[in-house]
K.L.:
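Okay, handing you the structure first.
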2 protein chains.
Amino acid sequence: MFDKLDPLLHSELRLAVMSILMGAEEADFVYLRQQTGSTAGNLSVQLDKLSEAGYITVEKGFQGKKPRTTCRITDSGRTAFGNYVDALRSYIGK
Amino acid sequence: MFDKLDPLLHSELRLAVMSILMGAEEADFVYLRQQTGSTAGNLSVQLDKLSEAGYITVEKGFQGKKPRTTCRITDSGRTAFGNYVDALRSYIGK
DNA sequence: ATATTTGGTTTATAAAATAAACTGGTTTAT
DNA sequence: ATAAACCAGTTTATTTTATAAACCAAATAT
């Protein structure tokens with residue numbers, strides 16, 4: 001009756017991050033922090049989880065002298081997001 | 001940018017229960033347990049939370065000699081569910 | 001020179017979800 | 001009649017998760 005909701009995506013912050021990355025080729029830590037309004041600590045932890053799951057890639061580099069962490073969604077992440085949205089529909093209709 | 005997701009509804013089991021009650025006038029404990037596939041303990045706890053929040057009413061009675069717990073969604077619960085669905089759309093589009 | 005800001009990570013705490021164990025009563029089998 | 005199994009839940013304990021607080025290194029500003 002109800003599809004299982006991927007616990008990795010069923011989290012407000014992780015879902016927001018994935019939502020941004022679904023429509024953005026790439027996004028850096030600072031941008032994600034601004035858009036989601038999260039704390040740096042929380043974002044750091046959740047990015048790790050998404051990365052561990054293979055849903056995103058996290059690339060650390062420098063922009064001039066400042067560190068810059070760039071995130072991108074993977075194919076597997078895209079698929080998982082799509083499946084999550086489909087599963088949600090079994091709960092909220094449409 | 002992203003709407004806040006009501007934490008009471010952003011839970012797989014509670015959302016499933018609310019989803020059932022949105023389309024069913026009433027549903028008893030046993031039915032909810034069957035439809036959601038949850039354990040009795042988990043269901044009991046989550047029904048309490050929904051009830052505490054005023055999203056559902058829980059009525060205990062008997063059907064012959066067997067106890068029977070009947071749940072119904074409240075107006076406030078309906079509204080909250082609607083708001084939750086709207087908020088979700090800010091994450092999943094559409 | 002030292003204080004502050006930037007861009008994070010790590011660790012600790014609070015809250016949630018879930019499962020395991022228990023209760024009160026009923027039905028079924030012996 | 002008594003014990004065993006079962007039903008409908010509740011309570012308590014355990015695990016997982018989310019979140020915040022504290023910390024760190026480097027760069028910039030005062």
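Letters go in sequence order (proteins before strands), and every chain restarts at 1.
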K.L.:
How long is the line joining CG of B:Asp28 and C1' of D:dC7, in whole Å?
P.N.:
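So the CG-C1' distance, B:Asp28 to D:dC7, works out to 13 Å.
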K.L.:
If only atom types and distance count, is the side chain of A:Arg68 paired as donor or acceptor with the main-chain N or O of A:Phe62 below 3.5 Å?
P.N.:
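Flag not set: sc A:Arg68 to bb A:Phe62 has no pair under 3.5 Å.
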K.L.:
Can you sort out which residues in residues 53-61 of chain B have a heavy atom within less than 4.0 Å of DNA chain D? Ascending by number, please.
P.N.:
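DNA chain D contact set from residues 53-61 of chain B: B:Lys60.
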K.L.:
Is any side-chain N or O of B:Lys65 closer than 4.0 Å to OP1 or OP2 of C:dT27?
P.N.:
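For C:dT27, OP1 or OP2 has a side-chain N or O of B:Lys65 closer than 4.0 Å.
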K.L.:
If you assign A:Lys66 and A:Asn42 each to the DNA chain C nucleotide with the nearest heavy atom, which residue ends up on the more 5' nucleotide?
P.N.:
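Nearest-nucleotide comparison on DNA chain C picks A:Lys66.
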K.L.:
Under 30°, 30 to 60°, or over 60°: which ring-plane class applies to A:His10 and A:Tyr84, parallel, tilted or perpendicular?
P.N.:
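Because their plane-to-plane angle lies in the 30° to 60° range, the rings of A:His10 and A:Tyr84 count as tilted.
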K.L.:
Using a 4.0 Å cut-off on heavy atoms, which residues in residues 6-23 of chain B reach DNA chain D? List them by number, or say none.
P.N.:
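Listed by number, there are none.
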K.L.:
Return no unless some side-chain N or O of A:Lys49 is found under 4.0 Å from OP1 or OP2 of D:dT17.
P.N.:
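Indeed not, no polar side-chain atom of A:Lys49 lies that close.
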K.L.:
Examine C:dT9: is either OP1 or OP2 under 4.0 Å from a nitrogen or oxygen in the side chain of A:Ser44? Give yes or no.
P.N.:
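Yes, such a contact exists.
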K.L.:
Hey, what bend do you get for the helix from C:dA1-D:dT30 to C:dT30-D:dA1 if you fit axes on five pairs at each end, rounded to 10°?
P.N.:
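The end axes of the helix from C:dA1-D:dT30 to C:dT30-D:dA1 are about 10° apart, to the nearest 10°.
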K.L.:
Rounded to the nearest 0.5 Å, what separates atom OG1 in A:Thr70 from atom NZ in A:Lys60?
P.N.:
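Reported to 0.5 Å precision, the distance equals 9.5 Å.
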K.L.:
Base, sugar-phosphate, or nothing for A:Arg33, non-hydrogen atoms under 4.0 angstrom?
P.N.:
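Nothing: the residue A:Arg33, judged by heavy atoms under 4.0 Å, touches no strand.
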K.L.:
So what does B:Thr69 touch, heavy atoms closer than 4.0 Å: a base, only the sugar-phosphate, or nothing?
P.N.:
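Sugar-phosphate only.
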K.L.:
Under 4.0 Å between any heavy atoms, over every strand shown, what does B:Val30 touch: base, sugar-phosphate, or nothing? Just pick one.
P.N.:
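If one applies the 4.0 Å heavy-atom cut-off, B:Val30 turns out to touch the sugar-phosphate alone, with no base involved.
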